[in-house]
Asker: 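Shown below is the structure under consideration.
Order of appearance sets the numbers: ligands from 1, and atoms from 1 within every ligand. Since the structure is predicted, the reported quantities are computational estimates derived from the model, not experimental observations.
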Amino acid sequence: FKCLNCFLYMCLMKDSMENIILCHGGVGSKERPLDDMKGIAEKAYSKNPLDSVVNAVVIMEDDPRFNAGTGSVIRIDGSVQMDAAVSIPGKFGSVIGIENVKNPVLVARDVMEKTPHIILSGSGAVQFARKLGYGEYDPKTERTISQYSKMVEALKKETTDNRYKIFKELIRNGIIDEPHDTVGAVARIDGKFAAAVSTGGASPMMRGRVGDVPIPGAGIFCGEKGAVVATGIGEEIAKRVLCHRIYERINTDKLENILREEIEYFGENLAGVIAVSHDEHAFFSNGSMGTDMFKIKV
Ligand code: GLY
(Lines give C-alpha, C1' and ligand atoms only; values in the text may rest on other atoms or scores of the structure.)
Protein backbone atom coordinates (compact mmCIF):
# COMPACT_ATOMS: atom_id res chain seq x y z
CA PHE A 1 0.00 0.00 0.00
CA LYS A 2 1.63 3.16 -1.28
CA CYS A 3 0.16 6.06 0.72
CA LEU A 4 3.22 7.32 2.58
CA ASN A 5 1.43 9.91 4.66
CA CYS A 6 -1.27 7.64 5.84
CA PHE A 7 -1.95 7.09 9.48
CA LEU A 8 -3.24 3.66 10.12
CA TYR A 9 -5.43 2.79 13.01
CA MET A 10 -6.56 -0.77 13.15
CA CYS A 11 -7.94 -2.75 15.92
CA LEU A 12 -9.04 -6.33 15.95
CA MET A 13 -9.97 -8.60 18.75
CA LYS A 14 -12.54 -11.18 19.59
CA ASP A 15 -15.02 -9.12 21.53
CA SER A 16 -18.37 -10.81 21.33
CA MET A 17 -18.87 -10.47 25.09
CA GLU A 18 -18.50 -6.72 24.98
CA ASN A 19 -20.74 -3.85 24.13
CA ILE A 20 -18.93 -1.38 21.94
CA ILE A 21 -19.36 2.01 20.38
CA LEU A 22 -16.81 3.15 17.84
CA CYS A 23 -16.81 6.61 16.25
CA HIS A 24 -14.70 8.62 13.80
CA GLY A 25 -14.30 12.32 13.06
CA GLY A 26 -13.58 11.98 9.34
CA VAL A 27 -10.61 11.08 7.20
CA GLY A 28 -8.27 13.70 5.86
CA SER A 29 -6.62 16.10 8.26
CA LYS A 30 -2.97 15.55 9.06
CA GLU A 31 -3.22 18.28 11.70
CA ARG A 32 -6.14 16.90 13.65
CA PRO A 33 -4.87 15.76 17.03
CA LEU A 34 -6.29 12.41 17.95
CA ASP A 35 -7.08 13.82 21.39
CA ASP A 36 -9.92 15.72 19.73
CA MET A 37 -11.94 12.57 19.77
CA LYS A 38 -11.30 11.42 23.32
CA GLY A 39 -14.34 10.73 25.46
CA ILE A 40 -16.94 11.07 22.69
CA ALA A 41 -17.79 7.37 22.57
CA GLU A 42 -18.09 7.03 26.34
CA LYS A 43 -20.27 10.14 26.59
CA ALA A 44 -22.49 8.81 23.79
CA TYR A 45 -22.85 5.29 25.15
CA SER A 46 -26.32 4.08 26.08
CA LYS A 47 -27.92 0.62 26.39
CA ASN A 48 -29.77 1.36 23.15
CA PRO A 49 -27.45 1.02 20.11
CA LEU A 50 -29.34 3.57 18.01
CA ASP A 51 -29.29 6.13 20.84
CA SER A 52 -25.55 5.50 21.22
CA VAL A 53 -24.61 6.18 17.60
CA VAL A 54 -26.98 9.14 17.29
CA ASN A 55 -25.61 10.64 20.54
CA ALA A 56 -22.05 10.31 19.20
CA VAL A 57 -22.92 11.99 15.92
CA VAL A 58 -24.83 14.81 17.68
CA ILE A 59 -21.76 15.52 19.85
CA MET A 60 -19.63 15.82 16.70
CA GLU A 61 -22.29 17.83 14.80
CA ASP A 62 -22.29 20.32 17.70
CA ASP A 63 -18.49 20.61 17.71
CA PRO A 64 -17.51 23.30 15.15
CA ARG A 65 -14.22 21.56 14.36
CA PHE A 66 -16.00 18.78 12.50
CA ASN A 67 -17.49 19.00 9.02
CA ALA A 68 -21.03 18.06 10.10
CA GLY A 69 -23.82 20.18 11.60
CA THR A 70 -22.15 23.32 13.00
CA GLY A 71 -18.92 23.76 11.02
CA SER A 72 -20.18 22.11 7.83
CA VAL A 73 -18.30 23.30 4.76
CA ILE A 74 -19.83 26.00 2.57
CA ARG A 75 -20.58 25.09 -1.05
CA ILE A 76 -19.41 27.02 -4.08
CA ASP A 77 -22.70 29.01 -4.20
CA GLY A 78 -22.37 30.03 -0.52
CA SER A 79 -24.96 27.63 0.87
CA VAL A 80 -24.58 24.90 3.48
CA GLN A 81 -26.42 21.69 2.59
CA MET A 82 -25.96 18.71 4.87
CA ASP A 83 -26.53 14.96 4.54
CA ALA A 84 -27.08 12.51 7.40
CA ALA A 85 -28.28 8.94 7.86
CA VAL A 86 -29.08 6.36 10.52
CA SER A 87 -29.68 2.63 10.25
CA ILE A 88 -30.54 -0.42 12.31
CA PRO A 89 -31.11 -3.87 10.76
CA GLY A 90 -33.98 -3.61 8.28
CA LYS A 91 -34.47 0.13 8.81
CA PHE A 92 -32.93 3.22 7.29
CA GLY A 93 -33.53 6.96 7.36
CA SER A 94 -31.63 9.82 5.75
CA VAL A 95 -31.82 13.47 4.77
CA ILE A 96 -30.19 14.92 1.67
CA GLY A 97 -29.17 18.54 1.31
CA ILE A 98 -30.96 19.70 4.45
CA GLU A 99 -30.38 23.37 5.35
CA ASN A 100 -30.60 25.56 8.45
CA VAL A 101 -31.05 22.86 11.07
CA LYS A 102 -28.68 22.17 13.95
CA ASN A 103 -28.64 18.37 13.93
CA PRO A 104 -29.34 16.67 10.59
CA VAL A 105 -28.81 13.22 12.15
CA LEU A 106 -31.85 13.74 14.42
CA VAL A 107 -34.00 14.56 11.41
CA ALA A 108 -32.67 11.42 9.65
CA ARG A 109 -33.73 9.38 12.68
CA ASP A 110 -37.19 10.95 12.50
CA VAL A 111 -37.41 10.03 8.80
CA MET A 112 -36.71 6.42 9.78
CA GLU A 113 -39.00 6.30 12.79
CA LYS A 114 -41.89 8.62 11.85
CA THR A 115 -42.39 8.26 8.09
CA PRO A 116 -42.93 5.35 5.69
CA HIS A 117 -39.96 6.66 3.66
CA ILE A 118 -36.24 6.09 3.78
CA ILE A 119 -35.01 9.44 2.42
CA LEU A 120 -36.25 13.04 2.43
CA SER A 121 -34.37 15.63 0.42
CA GLY A 122 -34.01 19.40 0.06
CA SER A 123 -37.02 21.56 0.85
CA GLY A 124 -39.07 18.47 1.77
CA ALA A 125 -36.55 17.53 4.43
CA VAL A 126 -36.47 21.09 5.79
CA GLN A 127 -40.28 21.31 5.82
CA PHE A 128 -40.50 17.98 7.66
CA ALA A 129 -37.96 19.19 10.23
CA ARG A 130 -39.83 22.45 10.83
CA LYS A 131 -43.16 20.62 11.31
CA LEU A 132 -41.45 18.51 13.96
CA GLY A 133 -40.20 21.64 15.73
CA TYR A 134 -36.59 21.86 14.55
CA GLY A 135 -35.80 25.60 14.66
CA GLU A 136 -33.89 27.73 12.17
CA TYR A 137 -30.15 27.39 12.74
CA ASP A 138 -27.17 28.74 10.82
CA PRO A 139 -24.35 26.14 10.85
CA LYS A 140 -21.75 28.55 9.40
CA THR A 141 -18.79 29.45 11.59
CA GLU A 142 -16.03 32.06 11.27
CA ARG A 143 -13.68 29.29 10.15
CA THR A 144 -15.96 27.99 7.40
CA ILE A 145 -16.77 31.53 6.19
CA SER A 146 -13.08 32.37 5.93
CA GLN A 147 -12.30 29.07 4.16
CA TYR A 148 -15.12 29.77 1.76
CA SER A 149 -13.81 33.23 0.78
CA LYS A 150 -10.34 31.78 0.17
CA MET A 151 -11.75 28.94 -1.88
CA VAL A 152 -13.82 31.28 -4.08
CA GLU A 153 -10.80 33.50 -4.76
CA ALA A 154 -8.66 30.48 -5.60
CA LEU A 155 -11.28 28.89 -7.83
CA LYS A 156 -11.56 32.11 -9.85
CA LYS A 157 -7.89 31.76 -10.75
CA GLU A 158 -8.02 28.08 -11.69
CA THR A 159 -8.37 27.04 -15.31
CA THR A 160 -8.22 23.26 -14.95
CA ASP A 161 -11.50 21.35 -15.22
CA ASN A 162 -10.58 18.46 -12.91
CA ARG A 163 -12.32 18.82 -9.58
CA TYR A 164 -9.88 16.67 -7.65
CA LYS A 165 -6.90 18.43 -9.21
CA ILE A 166 -8.35 21.77 -8.12
CA PHE A 167 -9.03 20.40 -4.69
CA LYS A 168 -5.51 19.02 -4.21
CA GLU A 169 -3.96 22.23 -5.52
CA LEU A 170 -6.00 24.32 -3.07
CA ILE A 171 -4.81 22.16 -0.18
CA ARG A 172 -1.19 22.15 -1.39
CA ASN A 173 -1.21 25.95 -1.56
CA GLY A 174 -2.72 26.23 1.91
CA ILE A 175 -5.86 27.88 0.50
CA ILE A 176 -8.17 25.42 2.22
CA ASP A 177 -7.57 22.82 4.91
CA GLU A 178 -7.84 19.16 4.11
CA PRO A 179 -11.46 18.39 4.89
CA HIS A 180 -12.29 16.49 8.06
CA ASP A 181 -15.24 15.11 6.17
CA THR A 182 -18.02 12.96 7.53
CA VAL A 183 -18.48 12.01 11.17
CA GLY A 184 -19.90 8.60 12.03
CA ALA A 185 -20.45 5.91 14.63
CA VAL A 186 -21.25 2.20 14.81
CA ALA A 187 -22.37 0.24 17.87
CA ARG A 188 -23.00 -3.29 19.03
CA ILE A 189 -25.00 -3.33 22.25
CA ASP A 190 -26.18 -6.68 23.63
CA GLY A 191 -25.66 -8.18 20.15
CA LYS A 192 -27.73 -5.50 18.38
CA PHE A 193 -26.26 -3.12 15.81
CA ALA A 194 -26.75 0.51 14.76
CA ALA A 195 -24.96 3.04 12.57
CA ALA A 196 -25.15 6.81 12.05
CA VAL A 197 -23.34 9.36 9.84
CA SER A 198 -23.46 13.09 9.11
CA THR A 199 -21.57 15.46 6.79
CA GLY A 200 -21.41 18.89 5.24
CA GLY A 201 -20.02 17.16 2.12
CA ALA A 202 -16.63 17.06 0.38
CA SER A 203 -15.51 20.60 -0.51
CA PRO A 204 -15.38 22.14 -3.08
CA MET A 205 -18.77 21.13 -4.42
CA MET A 206 -21.80 22.48 -6.24
CA ARG A 207 -25.14 23.15 -4.62
CA GLY A 208 -27.24 20.00 -4.90
CA ARG A 209 -24.26 17.64 -4.99
CA VAL A 210 -24.91 14.42 -3.04
CA GLY A 211 -22.18 12.14 -1.67
CA ASP A 212 -22.21 8.71 -0.05
CA VAL A 213 -23.68 9.50 3.36
CA PRO A 214 -27.44 9.46 2.66
CA ILE A 215 -27.34 6.50 0.25
CA PRO A 216 -28.01 3.09 1.81
CA GLY A 217 -25.07 0.76 1.27
CA ALA A 218 -22.72 3.56 0.14
CA GLY A 219 -21.66 5.51 3.25
CA ILE A 220 -23.59 3.40 5.75
CA PHE A 221 -24.96 -0.11 6.11
CA CYS A 222 -26.34 -1.98 9.09
CA GLY A 223 -27.79 -5.48 9.20
CA GLU A 224 -27.97 -8.58 11.38
CA LYS A 225 -24.24 -9.31 10.81
CA GLY A 226 -22.90 -5.89 11.75
CA ALA A 227 -22.66 -2.15 11.08
CA VAL A 228 -20.34 -0.21 8.76
CA VAL A 229 -19.87 3.52 8.08
CA ALA A 230 -17.49 5.30 5.70
CA THR A 231 -15.75 8.64 5.34
CA GLY A 232 -13.92 10.16 2.37
CA ILE A 233 -14.65 11.25 -1.18
CA GLY A 234 -18.35 10.49 -1.44
CA GLU A 235 -18.49 9.99 -5.21
CA GLU A 236 -15.85 7.24 -5.07
CA ILE A 237 -17.39 5.57 -2.01
CA ALA A 238 -20.89 5.60 -3.54
CA LYS A 239 -19.73 4.19 -6.91
CA ARG A 240 -18.17 1.31 -5.00
CA VAL A 241 -21.22 0.86 -2.67
CA LEU A 242 -18.48 0.49 -0.11
CA CYS A 243 -20.33 -0.18 3.14
CA HIS A 244 -22.58 -2.83 1.65
CA ARG A 245 -19.56 -4.53 0.03
CA ILE A 246 -17.84 -4.68 3.40
CA TYR A 247 -21.00 -5.86 5.14
CA GLU A 248 -21.45 -8.69 2.63
CA ARG A 249 -17.89 -9.84 3.31
CA ILE A 250 -18.32 -9.99 7.12
CA ASN A 251 -17.36 -13.48 8.44
CA THR A 252 -15.54 -14.40 5.21
CA ASP A 253 -12.19 -13.14 6.57
CA LYS A 254 -10.90 -11.14 9.53
CA LEU A 255 -12.70 -7.80 9.62
CA GLU A 256 -9.31 -6.04 9.67
CA ASN A 257 -8.29 -7.72 6.38
CA ILE A 258 -11.60 -6.91 4.71
CA LEU A 259 -11.35 -3.22 5.62
CA ARG A 260 -7.73 -2.97 4.48
CA GLU A 261 -8.45 -4.62 1.13
CA GLU A 262 -11.51 -2.47 0.48
CA ILE A 263 -9.68 0.79 1.31
CA GLU A 264 -6.62 -0.12 -0.77
CA TYR A 265 -8.92 -0.02 -3.81
CA PHE A 266 -9.28 3.78 -3.37
CA GLY A 267 -5.63 4.60 -4.09
CA GLU A 268 -5.14 8.37 -3.86
CA ASN A 269 -8.79 9.08 -3.08
CA LEU A 270 -9.31 9.59 0.63
CA ALA A 271 -11.39 6.88 2.25
CA GLY A 272 -11.86 5.37 5.69
CA VAL A 273 -14.24 2.96 7.40
CA ILE A 274 -15.21 1.76 10.85
CA ALA A 275 -17.12 -1.48 11.41
CA VAL A 276 -18.41 -3.87 14.04
CA SER A 277 -19.56 -7.45 13.67
CA HIS A 278 -20.74 -9.95 16.30
CA ASP A 279 -17.23 -10.68 17.50
CA GLU A 280 -14.92 -8.11 15.94
CA HIS A 281 -14.44 -4.42 15.41
CA ALA A 282 -12.01 -2.64 13.10
CA PHE A 283 -11.14 0.71 11.57
CA PHE A 284 -8.95 1.56 8.62
CA SER A 285 -8.22 4.64 6.50
CA ASN A 286 -5.77 5.84 3.85
CA GLY A 287 -5.41 9.27 5.52
CA SER A 288 -5.38 10.31 9.15
CA MET A 289 -8.70 9.53 10.80
CA GLY A 290 -9.49 10.40 14.41
CA THR A 291 -11.38 7.62 16.14
CA ASP A 292 -12.69 6.92 19.60
CA MET A 293 -14.03 3.74 21.15
CA PHE A 294 -15.81 2.76 24.33
CA LYS A 295 -16.16 -0.89 25.32
CA ILE A 296 -17.84 -2.45 28.28
CA LYS A 297 -18.03 -6.13 29.28
CA VAL A 298 -21.48 -7.69 29.43
N1 GLY B 1 -18.13 11.56 2.54
C2 GLY B 1 -18.87 12.73 2.51
C3 GLY B 1 -19.15 13.24 1.19
O4 GLY B 1 -18.41 13.01 0.24
O5 GLY B 1 -20.13 13.92 1.06
Asker: Is there a polar contact, in the sense of an N or O pair closer than 3.5 Å, between I237 and ligand 1?
Answerer: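 The answer is no, given that I237 and ligand 1 share no N or O pair closer than 3.5 Å.
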
Asker: Can you find a non-hydrogen atom of T182 under 4.0 Å from ligand 1?
Answerer: yes

Asker: So is G232 in contact with ligand 1, going by heavy-atom distances below 4.0 Å?
Answerer: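 Yes.
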
Asker: Check R209 against ligand 1 and report side chain, backbone, both or neither, counting heavy atoms closer than 4.0 Å.
Answerer: side chain

Asker: Rounded to the nearest 0.5 Å, how far apart are CE of M205 and CD1 of I233?
Answerer: 10.5 Å

Asker: In terms of atom number and element, which parts of ligand 1 are under 4.0 angstrom from non-hydrogen atoms of G201?
Answerer: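 Per the distance check, 5 (O).
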
Asker: How does the hydrophobic cluster around I189 look, that is, which other residues are in it when side-chain heavy atoms under 4.5 Å mark a link?
Answerer: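 Cluster partners of I189: I21, Y45, F294, I296.
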
Asker: Is E61 salt-bridged to K102, going by a charged N under 4.0 Å from an acidic O?
Answerer: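 The answer is no: the pair does not qualify as a salt bridge.
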
Asker: Below 3.5 Å, N or O to N or O, backbone or side chain included: is there any such pair between E235 and ligand 1?
Answerer: no

Asker: Which pairs count as side chain to side chain donor-acceptor pair (under 3.5 Å) when at least one residue sits in residues 48-59, sequence neighbours excluded?
Answerer: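 The answer is D51-R109.
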
Asker: Measuring from non-hydrogen atoms of M205 to any atom of ligand 1, is the shortest distance under 4.0 Å?
Answerer: no

Asker: Quick test of your reading of the model: are E235 and R209 salt-bridged, counting only N-O distances below 4.0 Å?
Answerer: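 The answer is yes: the pair qualifies as a salt bridge.
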
Asker: State plainly whether the residues R130 and E136 are in salt-bridge range, i.e. N to O under 4.0 Å.
Answerer: yes

